[in-house]
Number of protein chains: 2
Amino acid sequence: MAKIQSGKNATKKEVVIEKAALLFKVKGYSAASMRELADTLGIEAPSLYNYIGSKSELLQSICIKMANEFTANLNIVDNTAESTVAKIEAVIRFHIQMMINNFNEVFVANHEWKHLKEPLLSDFLNQRRNYEKRLMLIVEIGVEKKELKNINSYVTVLTILSAVRGLEFWYGHKKNVTQQVLENDMVNHLLNGIIN
Amino acid sequence: MAKIQSGKNATKKEVVIEKAALLFKVKGYSAASMRELADTLGIEAPSLYNYIGSKSELLQSICIKMANEFTANLNIVDNTAESTVAKIEAVIRFHIQMMINNFNEVFVANHEWKHLKEPLLSDFLNQRRNYEKRLMLIVEIGVEKKELKNINSYVTVLTILSAVRGLEFWYGHKKNVTQQVLENDMVNHLLNGIIN
DNA sequence: TTACAAAACTAACGATTATTAGTTTTTTTA
DNA sequence: TAAAAAAACTAATAATCGTTAGTTTTGTAA
């Protein structure tokens, strides 16, 4: 009956993934049904399988894509930013940008990765762990160079990553606080707490 | 066949809730089945209903209990701690304590509340919103008194609550960082970033 | 020991799930 | 316009879900 609308340059498969991200965010992966996903696209559930292989594949696409984007950015930051503080600031700002521009997918990757199947689950967790370790290394170098206080690198990275992750709560309160204020205040709060 | 073990002073219902919290944490509420929960107790699924009314009730118990504990603590802190900084520090330390002593239940309340049914869903969200507002008020008073920098109270509370919430990730890495180091470093990081 | 209550069981219900098979309609290509 | 391919459909499958009903076993109190 209805035909899937693929706006702009988006593949129809990409449209399905996009809608899946929204649905997974609202209902959670397990509670979200393929029938409901099909509904949001104006088609019947079995028609989805013309575009995708399985429900699980949708989650995979979302999680892998997000993991890769964060890793790719860290590569750039690590090679371009000069001081430790500049690197950390760049990472924080990128997380904020991602949360704003890819909210649903970042949210799903953060919340629903546990439903990934092996071996992708291990891949995802390894990549995240690696990301954390690289950030810890940046902090440790900053401590050595006396750019930062004598802080524990794990706790520092944990605090920063957790704080920026919490931006998902801000998303519902956009009216009260502008992105500008949010970004600057959070960067200042997190950096002032560790700069020497 | 098997009989539910109710250790110490715990009601059998409380044992069921405790096991449910663990299961919900690992699999998520929707993906966790009553048969699996019964398995962890060594009984058959229908036997659960001798103790509880429904699966949904289990989630309710967990979420409401946690919300009340945090609210109760804030009441105490608000009445006893003197300075703004002391209040914020007390709140941060309480969150850390809760994460350590009630990890599964805190985790479930943080992650699975969306599966609550109305009107409990609204109650839960209102209570959380109220908690945030009270913290914002504490920050605003601190700014007025020049105890704190001239910061946005919403962003500050968001940053702090998100950071302590991220302790759930630390839980898997206990070996590398002691609770002492974690607690002090995080408190310092978060307070130094805003103290005037 | 007998009676009662608590707590377990088996069997089964209706609902929902992701997915497959096979078919028809629509769109694109030649 | 005819043929081929893409994209929708209907119908149905096996599996799993929370939960109920009814029954049997176990534990406790008289």
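Quick note on labels: first sequence line is chain A, next is B, and so on, each numbered from 1.
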Margin query: Looking at D:dA7, I'd like to know if its phosphate oxygens (OP1 or OP2) sit under 4.0 Å from a side-chain N or O belonging to A:Ser47.
Written below: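 It does not, given that no N or O in the side chain of A:Ser47 lies less than 4.0 Å from OP1 or OP2 of D:dA7.
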Can you tell me how far [atom2] of [N] sits from [atom1] of [X], to the nearest Å?
| X | N | atom1 | atom2 | answer |
| --- | --- | --- | --- | --- |
| A:Ile43 | C:dT26 | CD1 | P | 16 Å |
| A:Asn50 | D:dC9 | CG | C1' | 10 Å |
| A:Leu41 | D:dA7 | CG | C1' | 13 Å |
| B:Lys13 | C:dA6 | NZ | P | 15 Å |
| A:Lys12 | D:dA5 | NZ | P | 16 Å |
| B:Glu44 | D:dT25 | CD | C1' | 14 Å |

Check: Quick check: are there more than 12 heavy atoms from other residues, nucleotides or ligands sitting under 6.0 Å from CG of B:Asn101?
Finding: yes
Next item on the list: Could you grab the distance from atom CE of B:Met136 to atom CG of B:Leu158, nearest 0.5 Å is fine?
Entry: 10.0 Å
Check: Would a distance-only check, ignoring hydrogens and angles, find a side-chain to backbone donor-acceptor pair under 3.5 Å from B:Ser83 to B:Ala86?
Finding: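 Such a contact is found between B:Ser83 side chain and B:Ala86 backbone.
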Note to self: Main chain of B:Ser122, side chain of B:Glu118: is a donor-acceptor contact present, judged purely on distance under 3.5 Å?
What the structure shows: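 Yes, B:Glu118 side chain to B:Ser122 backbone: donor-acceptor pair under 3.5 Å.
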Next item on the list: Please check if any side-chain donor atom of B:Asn104 sits under 3.5 Å from a side-chain acceptor atom of B:Glu18, or the reverse.
Entry: no
Notebook entry, point to check: Just checking, A:Lys55 and A:Tyr29: is the charged tip under 6.0 Å from the six-membered ring centre and within 45° of the axis?
Noted result: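 That pair qualifies as a cation-pi contact.
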Next item on the list: Could you encode protein contacts along nucleotides 11-24 of chain C as a string, one character per nucleotide from 5' to 3', using B for base contact, S for sugar-phosphate-only contact and - for no contact, with a heavy-atom cut-off of under 4.0 Å?
Entry: BB----BBBB----
